[in-house]
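FYI, side chains are in, hydrogens and waters are out, and symmetry mates aren't considered; it's all heavy atoms of this structure. All figures in this text were calculated on a predicted structure; none of them were measured in a lab. The sequence lines fix the lettering, A, B, ..., with proteins before strands; numbering per chain opens at 1.
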Protein chains: 2
Amino acid sequence: MQQCCIMKLKKKMKTVRNTTAKTEIQELIANSPVALSHTEIQSATNGLCDRVTIYRVLERLTVEGLIHKVVNVDGVVKYAGCHSCSEKHNHNHIHFSCQKCKSVTCLEDVESTFKMPKKYIISEMNFTLSGLCPQCS
Amino acid sequence: MQQCCIMKLKKKMKTVRNTTAKTEIQELIANSPVALSHTEIQSATNGLCDRVTIYRVLERLTVEGLIHKVVNVDGVVKYAGCHSCSEKHNHNHIHFSCQKCKSVTCLEDVESTFKMPKKYIISEMNFTLSGLCPQCS
DNA sequence: TTGCAAATGCAACAGTGTTGCATTATGAAA
DNA sequence: TTTCATAATGCAACACTGTTGCATTTGCAA
Ligand SMILES: [Zn+2]
Ligand SMILES: [Zn+2]
Ligand SMILES: [Zn+2]
Ligand SMILES: [Zn+2]
């Protein structure tokens, strides 16, 4: 078969592969009602793979738009599944952070408004409410 | 002098002391238009004291209500001076995080509203807007 | 089935924050 | 001013989180 430019580009394109680690981690996050940290994922998967692999899988899933990163108010990075961003990725929803059990939940139906300050160009919002979750209150 | 219960309590009470490190760090933060990270403070003070001391001074200033902690969207912890919390400490203002110069600014005059989700008890809010600051846009 | 390269495991590293303990120095009391 | 209890510091050592390089394994298209 003759290789045209498109074929050459296709050949150059990095092809993604499905691995056990990727599948398991994705399902774990998708089935979790709360966002999960790297440590929590490591505990849950229990030796499924190296901790470096977890970092790399999380990076890959984030780039692919299957999960999104949430930085908790205490600085702990957590990951949650993407539910309502099939066409365009809009992660500008509010998150709730429980001060007791440290859980982070996506509140995708809660709306918020604010007066845009002039002089600043806003491109992203990161809103987190803290307090007690239903389980802890 | 006979020591009554109150005197004994007074004696027990931990007295705060003013030190060079504490004064310098507090003034540095107070005079900064943007929130400063531990690393930035360490660079700015340039060998004034040990890095552990900076951590402890920041902790003390936070407890005393002279500064407040801000966790940036990238997880970096920064500290900003408290301006409008002389009586009660209300740090529920919006912060702005510049994606280019990584600066964090307190937007104390910007108001925001949101529909409080039921089932959750809200006690704190942590809102950060990202984009380009006046200097970078 | 074969072979390329995506993905992994492992070691080693850098950055950040904490803790214990000996030493220093602050400020109230004498 | 001097004394002295203890708040504060310096230093070493540690734990935790995240990254990088490289050899090896493994997924999958040809
Ligand atoms: Zn909870
Ligand atoms: Zn979310
Ligand atoms: Zn900027
Ligand atoms: Zn602030």
Query raised in the report: Hey, does V52(A) reach any base, or is it just sugar-phosphate, or nothing, if we go heavy atoms under 4.0 Å?
Result: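 Result for V52(A) = base.
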**Report entry** Considering all heavy atoms, the nearest S123(A)-G131(B) contact
**Finding:**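 Taking every non-hydrogen atom into account, OG-CA, 3.6 Å.
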Query raised in the report: Closest heavy-atom contact between I67(B) and C82(B)?
Result: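 Smallest heavy-atom distance, with atoms named: C-SG, 3.5 Å.
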Between [atom2] on [N] and [atom1] on [X], what's the gap in Å once rounded to a whole number?
{"X": "Y55(A)", "N": "dC16(D)", "atom1": "OH", "atom2": "P", "answer": "12 Å"}
{"X": "D50(A)", "N": "dT25(D)", "atom1": "CG", "atom2": "P", "answer": "15 Å"}
{"X": "L58(B)", "N": "dT9(D)", "atom1": "CG", "atom2": "C1'", "answer": "15 Å"}
{"X": "E59(A)", "N": "dA6(C)", "atom1": "CD", "atom2": "P", "answer": "16 Å"}
{"X": "K22(B)", "N": "dT26(C)", "atom1": "NZ", "atom2": "P", "answer": "13 Å"}
{"X": "E40(B)", "N": "dT16(C)", "atom1": "CD", "atom2": "P", "answer": "10 Å"}
{"X": "R51(A)", "N": "dT17(D)", "atom1": "CZ", "atom2": "P", "answer": "8 Å"}
{"X": "D74(B)", "N": "dT16(C)", "atom1": "CG", "atom2": "C1'", "answer": "13 Å"}

Does [N] have its OP1 or OP2 closer than 4.0 Å to a side-chain nitrogen or oxygen of [X]?
{"X": "R60(B)", "N": "dA8(D)", "answer": "yes"}
{"X": "T39(B)", "N": "dG15(C)", "answer": "no"}
{"X": "T53(B)", "N": "dG10(D)", "answer": "yes"}
{"X": "T19(A)", "N": "dT8(C)", "answer": "yes"}

Requested in this report: For the pair F96(B) and Y120(A), name the ring-plane relationship: parallel under 30°, tilted 30 to 60°, perpendicular over 60°.
Outcome: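 The rings of F96(B) and Y120(A) sit tilted, inter-plane angle from 30° to 60°.
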Query raised in the report: Which distance, rounded to the nearest 0.5 Å, do you find between the OH of Y79(A) and the CD of E59(A)?
Result: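 So the gap between those two atoms works out to 7.5 Å.
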Requested in this report: Please confirm whether any donor atom in the side chain of R17(A) sits under 3.5 Å from an acceptor in the base of dA5(C), or the reverse.
Outcome: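 Yes.
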Query raised in the report: Between the base of dG10(D) and the side chain of R56(B), is there any donor-acceptor pair under 3.5 Å?
Result: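 Yes, a donor-acceptor pair under 3.5 Å.
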Report task. Measure from the side-chain heavy atoms of N18(B) and tell me the nearest of dG27(C), dC28(D), dA13(D). Result ->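 Out of dG27(C), dC28(D), dA13(D), the nucleotide with an atom closest to N18(B)'s side chain is dG27(C).
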Query raised in the report: Hey, which of these two, V77(A) or L48(B), hits DNA chain D nearer its 5' end, going by closest nucleotide?
Result: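 So the residue in question is L48(B).
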Query raised in the report: Which residue, G75(B) or T20(B), contacts DNA chain C at a nucleotide closer to its 5' end, judged by nearest heavy atom?
Result: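 Closer to the 5' end of DNA chain C: G75(B).
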Query - Worked check of side-chain contact (heavy atoms from CB on, under 4.5 Å) between V73(B) and T128(B) - result: CA-CA 7 Å; V73(B) 288; T128(B) 302; 3.9 Å; yes
